[in-house]
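Residue numbers start at 1 and run along the sequence shown.
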Amino acid sequence: MTAVRLKQRLRGGANSAWFPYLLVAPLVLILWGYVVQPMLATFVESVSEDGTANYTQFFTSSGVARTSLLTSLVISAASVLLCGVVGVAMAFLLKRFSFAGRRLIEAFILVPAALPPLIGAVSFQMLYSDIGILPRALQKLFGTEQPVLAFDGIAGVLVVHTFTMYPFFYLAASAALAGMDPSIEEAAYNLGAGRVRVWRTVLLPMLTPALVSASLLVFMTSLASYTAPLLFGVDQTMTMQIYINRTNGDLPMASTYAAVLGLVSIAFLLIMRWYEGRRSYMSQSKGISAQRREIANPVGRWLAPVASVLATIVLLAPVATIALVALSADGSWTTEVIPSEYTMENFVTILTEPKAFEPILNSLQMSLLATAGCVVVGVLIAYAVRRLRFVGRSLLDIGVMIAWALPGTVVAINLISAFSTGNGFSFGQALIGTFWILPLAYFVRFLPLVFRASSASLALVDHSLEEAARNLGASWPRAFLNITVRLMLPGVIVGALLAFVHGVGEFVASVLIYTSSTVPISVAINNRMYSFEMGTAAAYGMLQVVLIFVVMWFSGRLESGGGRAASRQAEQWTN
């Protein structure tokens, strides 16, 4: 009788009042156990020994703590400003003007997005630091005693951030400009407004949602940055101090830094969401999108192709540098401008020697496990937030948002605080020092990627298709899997691929919680660099870059053709 009654209720599915809570309960439990509860455990750890003494020291002393917070905030704010200038300028140039070389730049404009954080920072160190190719080449050219135009310290960090993060602004601004009605801008010009005033009163306000979204991404990513400060010698940042205190065994102070950094991240996220929601930025007109216009200035027409070639060289230089060093013999690059000896042995070593291949296998296994968890949980949360009505729906969305807002170092400290001993969410086992802690960290960090991609895909799926299947007698699980999931599959796959490649390239959390038997690729790169095995480190990096390029290509194919194919399949399934 119970089985029959349960089957009847399942047929009702989302139409039943109790169903949303039955589906949401385990999802809330997962977010509580692996996102919220570890945050609370970090706070408890931070006050475990001396109460609030760590926080008192942090906010009242004029030492490392306050300097680190100020430095991190300054770097993040400067990164937003620089990335905004570069990204918006490139978007406006490429979307509003037609010139020789435009397609060449467009082909490579997103190359920085294909660089994992560690490899991006390493490539810039090899290019632009005092040991880099360009400063040494200029030193040799001009015969100076010191490298010329070498970046170091905060300047080096900002160069890395600007180059690797401007695509956030470029993509957001490009999408906004493509959909902007040109008649509004033309009307302003016809009323006598100058270019500066049109930019200030028309274009920038209409770009506000895109700029807020990009600013949020850049600020959060910069605040969480660890690799650039590490490689360019900026020790007094929040992420570096978390690592230093954790390495020195002072977990309470590391937890204090992590708690403060987490609160700053979440506060900025909420402030930016509030600012974006203060006004409406929708256009009331129905004009067509803007058309590109030719550059009228003769000097500009001549400079455009030259600038396009130079921009392309700059965009491809980091990847070319990693490829060049990957083909160099370990120890052959010391004081020379470029490596003096080349070999394929680095790739042979990492692919054939068991000890060298182990980081690759570790990263693939751990990323696959984390991605599988992200897909299951992310799809269900997206469905619950988009399709179901229940008390606390916004809190579920915020729970995923918090997971996205937390920097990798904070996630690592949270997991250390929560799972150094066994509890119910770890089935009574201490996870620190085991294989499972890294997949869990990747799951927490990259669940929002799958959730957002799935949610965006689900927004385009007609709810009536699932209802029609249930009206024809299908149970909710059958209708959900055969109709809804298949229709949103392209978005789910894109999110899963993004989570997978981010997991393969993850370094910030991994460096705090890995063990000798669970070394991922990113940590292996770092360890090889400190052993002066630059060729082998770069070979690992090239594998990551190639993997990401393949995933980006495959994701593009899915986005362009997958949605139409899924719609045709859905029509077949419902007929």
Side-chain angles (χ1 to χ4, degrees), residues 64 67-83 86 112 115-139 146-166 218-247 257 261 314-315 317-322 324-325 333-335 337 407-409 505-512 522-523 525-534 537-538 540-541 544:
V64 174
T67 302
S68 298
L69 178 59
L70 180 61
T71 303
S72 293
L73 292 175
V74 168
I75 289 175
S76 298
S79 298
V80 170
L81 179 62
L82 292 172
C83 292
V86 174
L115 295 175
L118 178 60
I119 290 302
V122 168
S123 66
F124 270 80
Q125 184 187 40
M126 292 177 176
L127 266 174
Y128 302 119
S129 72
D130 55 1
I131 63 169
I133 293 174
L134 181 61
R136 286 183 176 183
L138 294 176
Q139 177 188 10
Q146 299 295 328
V148 179
L149 295 179
F151 288 98
D152 195 15
I154 292 178
V157 173
L158 290 177
V159 168
V160 174
H161 285 183
T162 302
F163 183 85
T164 57
M165 299 177 194
Y166 81 82
V218 172
F219 186 90
M220 304 292 286
T221 307
S222 301
L223 199 63
S225 177
Y226 170 76
T227 53
L230 172 68
L231 295 178
F232 284 89
V234 184
D235 293 336
Q236 293 191 0
T237 65
M238 294 292 285
T239 52
M240 285 296 295
Q241 288 302 311
I242 290 174
Y243 175 77
I244 291 170
N245 281 280
R246 163 61 177 154
T247 304
Y257 276 95
L261 184 57
V314 172
L315 290 170
V319 177
T321 300
I322 294 296
L324 177 71
V325 178
W333 192 28
T334 54
T335 61
V337 174
T409 47
E506 210 286 328
F507 174 69
V508 179
S510 302
V511 74
L512 289 171
S522 56
V523 174
I525 293 172
N526 188 59
N527 293 344
R528 295 278 185 169
M529 287 181 60
Y530 277 96
S531 299
F532 300 101
E533 301 176 47
M534 303 297 290
Y540 279 121
Q544 287 184 319

Quick one: pull up CZ in Phe507 and CG in Leu230 and give me the separation to the nearest 0.5 Å. 6.0 Å
Smallest separation among heavy atoms of Ser225 and His161, with atom names: OG-NE2, 2.9 Å
Please report the shortest heavy-atom distance between Leu158 and Ile75, naming the atom on each side. CD2-O, 3.7 Å
CD1-CD1 distance between Ile525 and Ile119, expressed to the nearest 0.5 angstrom: 3.5 Å
Is Ser72 reaching over with its side chain to a backbone N or O of Met238, donor-acceptor style, under 3.5 angstrom? yes
With rounding to the nearest 0.5 angstrom, report the OG1 to CD distance, Thr71 to Gln241. 9.5 Å
I'd like to know if the side chain of Thr409 and the backbone of Thr239 have a donor-acceptor N/O pair within less than 3.5 Å. no
Do Ser123 side-chain atoms and Val319 backbone N/O form a donor-acceptor pair below 3.5 Å? no
Which residue, Leu324, Thr321, Leu134, forms the side chain to side chain contact (heavy atoms under 4.5 Å, CB included) with Met126? Thr321
Looking only at heavy atoms, the pair that brings Leu223 and Ser76 closest together is N-OG, 3.2 Å
Within 6.0 angstrom of Arg136 CZ, more than 12 heavy atoms from elsewhere: yes
Rounding to 0.5 Å, atoms CE (Met529) and CG (Asn527) come to a distance of 10.5 Å
Let me confirm one number: the CG-CG distance from Asp130 to Leu149, rounded to the nearest 0.5 Å. 12.5 Å
Mind checking what makes side-chain hydrogen bond (donor to acceptor under 3.5 Å, both in side chains) contact with Ser510, not counting sequence neighbours? Tyr442, Glu506
Taking the side chain as everything from C-beta on, heavy atoms only, tell me whether Thr227 gets closer than 4.5 Å to Val160. no
Considering non-hydrogen atoms only, spot the tightest contact between Asp235 and Met240 and give its length. O-CB, 3.2 Å
For residues Gly408 and Ala509, report the shortest heavy-atom separation together with the two atoms involved. O-CB, 3.5 Å
Are the side chains of Leu82 and Phe163 in touch, meaning some heavy atoms are under 4.5 Å apart? no
Not counting sequence neighbours, which residues clear ring pair (Phe, Tyr, Trp, His ring centres under 6.0 Å) with Tyr128? List them please. Phe124
Phe151 ring center within less than 6.0 Å of Phe232 ring center: no
Atom pair CD (Gln125) and CD1 (Ile133), whose distance is rounded to the nearest 0.5 Å: 12.0 Å
Checking Gln139 now: which residues fulfil side-chain hydrogen bond (donor to acceptor under 3.5 Å, both in side chains) with it, not counting sequence neighbours? none
